[in-house]
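So the structure is just underneath, and the comments pick up after that.
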Amino acid sequence: MQPVERLYTLLQSQRNIVITMHQKPDGDAMGSALALYHFLKSLHDNVTVISPTNWARFLNWMPGCEKVIDYELYTQKSTELLNSADIVFCLDFNSMHRTKKMETLLLGIKCVKVLIDHHEQPAEEHFDYGVSDITKSSTCEMVYDFIVHSPFADKLNIETATCIYTGIMTDTGSFRFSITSAATHKAVAHLKELGLNHSIIHENIYDNFLENRLRFIGNALLNRLEVLYEYNTALMAISKRDLLKFEIQTGDTEGLVNYLLSIEGIKLGALLIDRTEERKWSFRSKGDFDVNELARNHFEGGGHKNAAGGRSSESIEDNVKRFKEVIKQYENQLT
Ligand code: 5GP
Ligand code: MN
């Protein structure tokens, strides 16, 4: 993988460019894809964003979101676009399987592939150019760096700034996670100078849910939470029945796992959700406990030290049982 700066000369000539991100994109994945989209649009006509799957409705207000193509809904069109792409940007994921059904196509196409990502252990062998930096708060901050260090830094407009801020805000937990650096704040100060309205972005993301989501969270906290004080661990398992009962849509469960860590003394929060095709784990930790390692070694996943995800084809019950066995081997680190 060559340094991403070497791409700047390639970007000077007209190209077909596709931008993609991980499945079920969050604020950082959608934010970085759309930020790059607005920036590249000022240089090229043919720029498209393809999401591997659908996304949360709380992202729909983002500038350019209406142009994003859902691969699962428009597979043929997406395939044509990817097959005729000269450059594909892959944002906010470290391994191709995070693009779900798009994985085979992405691996097979012969074009310039670029990675911009901040997850641990990236599969660099699949990329021609890129930057992987686990010290960065978000992929959005990395897209910011990519733009301001380019010869086209003056193209950073308000749409780009809005999208960048969204990902920085969501991935840093509104600037509270330890990964938030002086550089993160300096980037945001620059975005403010460009006219960024940060409070409306916060409102759009966090104060725009439907009533059913709040009632779902209330039910989950009251009835689905199990606290394993002997391991300083909080566990929550959500069945398909709950998801159906509260009409839960993509994105509605985001943030739920953070409640688990808000309990005094709890070092590990684990949320399991019964998605139709698989069981999906979300892990969060405080301090030194490494959930990336936990997810990687036991739940087919990965991510960051304090925030990671995993998956499994086993039932909810078997997953919970296995989780309770697995944490026994981490007792020393957890207590
Ligand atoms: P979340 O719990 O919010 O879905 O994910 C937490 C972090 O772990 C995110 O940075 C996300 O990209 C990453 N992550 C989530 N699920 C997986 C997975 O199945 N595999 C890998 N490698 N990373 C994941
Ligand atoms: Mn991210």
Side-chain angles (χ1 to χ4, degrees), residues 20-36 51-53 55-56 58-59 89-100 103 115-124 126 131-145 163-174 177 179-180 184 205 234-238 250-261 268-273 275 277-285 289-314 319:
T20 190
M21 66 304 239
H22 63 74
Q23 63 140 328
K24 304 279 176 190
D26 56 5
D28 190 34
M30 187 61 93
S32 56
L34 287 175
L36 193 63
S51 169
T53 65
W55 53 87
F58 64 74
L59 298 174
F89 282 88
C90 295
L91 306 184
D92 202 36
F93 63 84
N94 53 356
S95 136
M96 286 292 194
H97 84 251
R98 298 276 286 137
T99 63
K100 230 180 154 189
E103 179 181 5
L115 174 75
I116 303 180
D117 179 54
H118 65 137
H119 293 88
E120 308 231 7
Q121 293 124 317
E124 293 192 11
H126 298 310
V131 52
S132 155
D133 188 347
I134 61 163
T135 70
K136 285 289 173 182
S137 70
S138 52
T139 302
C140 275
E141 190 181 331
M142 300 173 78
V143 167
Y144 171 84
D145 292 342
C163 297
I164 290 172
Y165 184 82
T166 302
I168 294 180
M169 180 189 78
T170 53
D171 261 29
T172 59
S174 300
F177 300 149
I179 196 92
T180 313
T184 314
I205 294 280
L235 169 66
M236 184 183 273
I238 304 289
T250 298
D252 282 344
T253 54
E254 218 164 293
L256 183 55
V257 65
N258 297 320
Y259 285 98
L260 309 186
L261 275 196
L268 168 63
L271 170 70
L272 177 64
I273 297 179
R275 303 241 179 264
E277 67 280 29
E278 62 187 8
R279 262 49 62 207
K280 192 82 188 82
W281 280 101
S282 276
F283 301 108
R284 297 290 185 274
S285 66
F289 190 76
D290 187 347
V291 286
N292 171 51
E293 199 253 12
L294 175 80
R296 211 161 252 281
N297 290 339
H298 302 281
F299 298 100
E300 297 175 48
H304 316 275
K305 187 173 147 201
N306 296 121
R311 59 199 176 130
S312 162
S313 54
E314 296 165 24
N319 265 285

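Being a predicted model, the structure only gives us computed values, none of them experimental. Read the numbers this way: they start at 1 and go in the same order the structure lists the ligands and their atoms.
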TODO: Tell me, please, which residues at least two apart from W55 pass ring-ring contact (aromatic ring centres under 6.0 Å, His included).
DONE: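 Scan of W55 (ring-ring contact (aromatic ring centres under 6.0 Å, His included), adjacent residues dropped) gives none.
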- [ ] Identify the heavy atoms of G309 and A295 that sit nearest to each other, and give their distance.
- [x]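 Result for this residue pair: O-CB, 3.4 Å.
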For [X], take its heavy atoms, then give the atoms of ligand 1 lying under 4.0 Å from any of them.
X	answer
N94	22 (N)
K280	15 (C), 16 (N), 17 (C), 18 (C), 19 (O)
H304	10 (O)
G303	8 (O), 13 (C), 23 (N)
H119	9 (C), 10 (O), 11 (C), 12 (O)
S282	1 (P), 2 (O), 4 (O)

Task: Location of contacts on R296 toward ligand 1, heavy atoms closer than 4.0 Å - done: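 For R296, there is no contact with ligand 1 at all, from either part.
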TODO: Check each heavy atom of L271 against ligand 1 and say whether those closer than 4.0 Å belong to the side chain, the backbone, both or neither.
DONE: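 Answer for L271: neither.
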Open item on the list: I need the nearest protein heavy-atom contact for atom 7 (C) of ligand 1: residue, atom name and distance, please.
Closed with: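 Scanning the protein heavy atoms, the shortest distance from atom 7 (C) of ligand 1 goes to A307 O, 3.6 Å.
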TODO: Would you check whether R284 reaches within less than 4.0 Å of ligand 1, judged by its heavy atoms?
DONE: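 Within the 4.0 Å threshold, so yes.
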Open item on the list: Looking at ligand 1, is there an atom of it that comes within less than 4.0 Å of some heavy atom belonging to A308?
Closed with: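 Distance cut 4.0 Å: A308 passes for ligand 1.
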Task: Name of the residue among T99, D92, N94 meeting side-chain hydrogen bond (donor to acceptor under 3.5 Å, both in side chains) with H22 - done: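 Filter result, single survivor: D92.
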Quick check: does any side chain N or O of [X] sit under 3.5 Å from a backbone N or O of [Y], one acting as donor and the other as acceptor?
X	Y	value
H118	K136	yes
T53	K24	yes
N319	S312	no
R311	K280	no
D290	N306	no
T184	T180	no

Open item on the list: Around atom CZ of F177, are there more than 12 heavy atoms from other residues, nucleotides or ligands closer than 6.0 Å?
Closed with: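 It does: F177 CZ has more than 12 such atoms within range.
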Open item on the list: Restricting to distances shorter than 2.8 Å, give the number of protein N, O or S atoms close to the Mn ion (ligand 2).
Closed with: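 Count of protein N, O, S atoms less than 2.8 Å from the Mn ion (ligand 2): 4.
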TODO: Show the numbers, then the answer: is there a salt bridge (Lys or Arg N to Asp or Glu O under 4.0 Å) between K100 and E277?
DONE: CA-CA 11 Å; K100 230 180 154 189; E277 67 280 29; 2.8 Å; yes
Task: side-chain contact (heavy atoms from CB on, under 4.5 Å) partner of S32, the single match among I168, D171, L91, I116 - done: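 That would be L91; it is the only one of I168, D171, L91, I116 passing the side-chain contact (heavy atoms from CB on, under 4.5 Å) with S32.
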Open item on the list: Less than 4.0 angstrom from a charged side-chain N to a carboxylate O is my criterion; do R279 and E300 meet it?
Closed with: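 Judged by the 4.0 Å cut-off on N to carboxylate O distance, R279 and E300 do not form a salt bridge.
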TODO: Could you pull out, from A270, G255, G302, the option with a heavy atom nearest to atom 24 (C) of ligand 1?
DONE: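 Ranked by closest heavy atom to atom 24 (C) of ligand 1, first place is G302.
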- [ ] Decide whether an N or O pair under 3.5 Å exists between R98 and ligand 1.
- [x]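 Yes.
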Open item on the list: Below 3.5 Å, N or O to N or O, backbone or side chain included: is there any such pair between G309 and ligand 1?
Closed with: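 Looking only at distances, the answer is yes, because the N/O contact criterion of under 3.5 Å is met.
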